[in-house]
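Heads up: the structure comes next, in structure tokens.
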Amino acid sequence: MLNSILNQAQQKAVLTHDGPILVIAGAGTGKTRVLEHRTFELIKKGIDPKSILLLTFTRRAAAEMLARAARHDRRAQDVSGGTFHSFALATLQRYGKAVGLETFTVLDRGDSEELIGKIISDLRLGSKKYFPKKHTVLNILSKTINKDISVEQILEDEYPHLYEWAQAIELVGINAAKYKRQRNLLDFDDLLYYLHSILEENEMIRSKIHEKYHYIMVDEYQDTNKIQAKIVHQLANGSGNILVVGDEMQSIYRFRGAEFTNMIEFPRLFIKTQQIPLETNYRSTKEILNVANNVLDQVEGEGFKKHLTSDRSGQKPEYHQFKSSRKEAEWIAEKILSSSRNGESLDEIAVLFRAAYQSAPLEIELAARGIPFKKFGGIRFVETAHVKDVLAHLKVVVNHFDELAWRRILLLIDGIGEKSVENIMTRSDLSELKGQTLLEQSGYFKLRPLFELLMKINKEELTSSEKLSEIINYYKPILRSKYDDYPQREQDLDALIELSQPYEKDEDLLNDFALDPPDQSAMEITTADNEYVTLSTVHSAKGLEWGTVFVIQAQEGKFPIVRPESKQVDIEEERRLFYVAVTRAKKRLFITSSHGSMRGFYDSWYMSKMSRFVEPMIESKVVESNLLQESNPWKSPFSKNYSFGSSVSDIPEEDVDEF
DNA sequence: AAACACCCGATTTTT
DNA sequence: TCGGGTGTTT
Ligand SMILES: Nc1ncnc2c1ncn2[C@@H]1O[C@H](COP(=O)(O)OP(=O)(O)OP(=O)(O)O)[C@@H](O)[C@H]1O
């Protein structure tokens, strides 16, 4: 029976259950199917589903995989699955007491950045010219944890121009760690860090976990980082039954500390590793794989050269250039419309781009034609300011010591700024929400409504959504004075109440929102039942597939993103990203770019060129190309009246790109 | 001194 | 659309 759905290599991976296994799976070679059936086989054999641990890159991926396996056998629903971070959270909630972690709140990226910003200004580093921005500092400190190396080392490798700040940045890190520990706050990196140290230091907990999980599977292993690899090692040291799957060529999270060399390290870490390569692509046509293989050939150095093969054939991928992103968007919208009229399901169509903001023109064109779409990637609903404001009130009730949340809600009140917040923080007892001592002092009467709210919602018997309703009532006037576009935002808040319905405990709601933010905005939630076109960043499209794929904005500088500090390794990652993008397509692939004039002189020059990833495809004729007449930027229709003194208004308006 | 209002500029990717 | 920086108001 397996014969008809799995090839030899896949069957070997599915049927080998003991010992360490490394599955090297090229794009579209059926690794998802392997994980699905291996889970099923294990359960069929009588293995307790709870003793199977499936670690994936997103929670969505885990849920999907288990849902598929559950179609063969319902028990698959009970398999332990999730991301490294959600697994860490669950484990720490269960065993954290032993290491002094009682209840805690998880900080999302925004919260962590805010904290770093606060510490930078406390240390008066903000006033120094050239001190890096808070998000850069956070990135550096985060890599310290994820790659398990020193600040100095990171600076030397990736930010040589910031080397002089090594000690200051280290100090920020130390202070941030102290701050978080005192207030029971954990960020994403802390989750991994604490999990790792518990496994390392606490023998009792380690053996309990070893007893619990006998079969471990890790998906997307090429995008794990050092600390995750160590955790895998620790976990697998129990039963020794560990299977990891990955594809070096699809490693796209280096910026977050991922190291695809983990794939190479794995057989060294686990001596008796069986390696199983999957090489037949079942997803795409030959013509699409020619494009993918062209990208493979572009890779610098040796090692990644193995071509993908398939025996299905179809239409040749196309590359089209446009004079503006608006024209590009119009063309795609029309193309989607006609495909749909020809009977293609919108669910089988995706538009992929490098950065979330690049889909804006297309969103307008799709909306104008009434084509339903859903966008993945970019700023999420729960990361918008107004939703974070509301959630901060709930956080304060859950964890009275969450000073970051206190800060946020206090700053919303008229007449309260940084200094007042500092005063309030030092002068009041946070453990009681009454604010007694404060309210008696003159000047703080403005705080009365806030404390009344907090008292009101600090009750066990209220559900999370009831609490949120109260908060939103209090917050609405603030929202209206703060934002002109408040009607839309009020809708979002109603959606928030909907999203909170399933939760029993406030903590679970808050942690889930941090770890797995719902990624649809309110409007899209209401239309979610029907077919829709997917708009997604390439990162968020990882592991997925569609009949028709458009890869847009393929201009040099945009895809790949090239910045003055970009190194060869960065470009190589961009190239892998492009590879991931084109390998999502099953039948039809369109690559597009727009070459409108940009406002900046420098940009304009860059923008006029096509992506360095596309050029070789034209040369080797693996794409059908439709180029603008004059490809030399200096002679293009827009630059003939372009001189140092000319203004943008010289250019016909419809061809001006505003992005 | 602290809070606020306004303008400018730039814009990766995410657990 | 957002955040940061600067100049103005309380
Ligand atoms: N043995 C097989 N025979 C026929 N089709 C298969 C086989 N294995 C997998 N497929 C199909 O091939 C496609 C790609 O499979 P899958 O999504 O598992 O690939 P993948 O390895 O996860 O790809 P990627 O790494 O690019 O995300 C799917 O549509 C799947 O149904």
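In what follows, chains carry the letters A, B, and so on, assigned in the order in which the sequence lines appear, proteins first and then strands, with residues in each chain numbered from 1. Every value quoted in this text rests on a predicted model; they were computed, and no experiment measured them.
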| request: Nearest whole angstrom, please: distance from the P of B:dT13 to the CD of A:Glu113. | output: 13 Å
| Between A:Asn511 (side chain) and A:Val106 (backbone), is there a donor-acceptor pair under 3.5 Å? | yes
| Strand-adjacent residues in residues 535-545 of chain A, judged by heavy atoms under 4.0 Å from DNA chain B | A:Thr537, A:His539, A:Ser540
| query | Between A:Ile561 and A:Ala514, which has a closest nucleotide on DNA chain B that is more 5'? | reply | A:Ile561
| request: Salt-bridge test for A:Lys143 and A:Glu158: reply yes if a basic N is under 4.0 Å from a carboxylate O, no otherwise. | output: yes
| query | Hey, is the main chain of A:Tyr221 close enough, under 3.5 Å, to the side chain of A:Thr224 for a donor-acceptor pair? | reply | yes
| Spacing of A:Ile478 atom CD1 relative to B:dC4 atom P, expressed in whole Å | 12 Å
| task | Let me know the distance between CG of A:Asp512 and C1' of B:dT15, rounded to the nearest Å. | result | 13 Å
| message | With a 4.0 Å limit, can you tell me whether A:Arg380 has a side-chain N or O closer than that to the phosphate oxygens OP1/OP2 of B:dT15? | response | yes
| Could you walk me through whether A:Asp506 and A:Lys395 pass the salt bridge (charged side-chain N to carboxylate O under 4.0 Å, His left out) check? | CA-CA 8 Å; A:Asp506 300 337; A:Lys395 284 188 181 179; over 6 Å; no
| message | Using whole Å, what does the distance between atom P of nucleotide B:dT14 and atom CG of A:Asp111 come to? | response | 17 Å
| said: Under a 3.5 Å threshold, yes or no: a donor from one side chain and an acceptor from the other, between A:Lys327 and A:Ser594? | reply: no
| request: For B:dT13, take OP1 and OP2 only and decide whether either is under 4.0 Å from a side-chain N or O of A:Arg254. | output: no
| field | A:Lys388 with A:Glu383: basic N within carboxylate O range, under 4.0 Å | value | no
| task | Using atom OH of A:Tyr253 as one end and atom C1' of B:dT13 as the other, report the distance to the nearest whole Å. | result | 7 Å
| task | May I ask you to say what A:Arg59 touches in the nucleic acid, namely base, sugar-phosphate or nothing, with a heavy-atom cut-off under 4.0 Å? | result | nothing
| field | Nearest to side-chain heavy atoms of A:Arg489, which nucleotide of B:dT13, C:dC2, B:dT14 | value | C:dC2
| message | Nearest 0.5 angstrom please: A:Ile116 CD1 to A:His135 NE2, how far? | response | 12.5 Å
| Spacing of A:Phe188 atom CZ relative to B:dT15 atom C1', expressed in whole Å | 5 Å
| query | Parallel under 30°, tilted from 30 to 60°, perpendicular over 60°: which one fits the rings of A:Tyr253 and A:Phe57? | reply | tilted
| said: Looking at B:dT13 and A:Phe255: do their rings stack (centroid distance under 5.5 Å, interplanar angle under 30°)? | reply: yes
| query | Salt bridge or not for A:Arg109 and A:Asp187, using N-O below 4.0 Å? | reply | no
| request: Quickly work out the A:Asp414 CG to B:dA3 P distance and round it to whole Å. | output: 12 Å
| said: Using a 4.0 Å heavy-atom cut-off, does A:Glu418 contact any base of the nucleic acid, only the sugar-phosphate backbone, or nothing at all? | reply: sugar-phosphate
| request: Would you classify A:Asp189 as touching base, sugar-phosphate or nothing, given that sugar-phosphate means primed atoms plus P, OP1 and OP2, and contacts are heavy atoms under 4.0 Å? | output: nothing
| remark: The contact string for nucleotides 5-10 of chain C, one letter per nucleotide 5' to 3', using protein heavy atoms under 4.0 Å with B, S and - for base, sugar-phosphate only and none, comes out as ------
| said: Once you apply a heavy-atom cut-off of 4.0 Å, does A:Ala385 come out as touching a base, just sugar-phosphate, or nothing? | reply: nothing
| Expected output: side-chain A:Ser611 to main-chain A:Phe559 donor-acceptor under 3.5 Å | yes
| Rounded distance (Å) that lies between atom P of C:dC2 and atom NZ of A:Lys482 | 11 Å
| Counting just side-chain N and O atoms, does A:Ser86 come under 4.0 Å of either OP1 or OP2 of B:dT15? | no
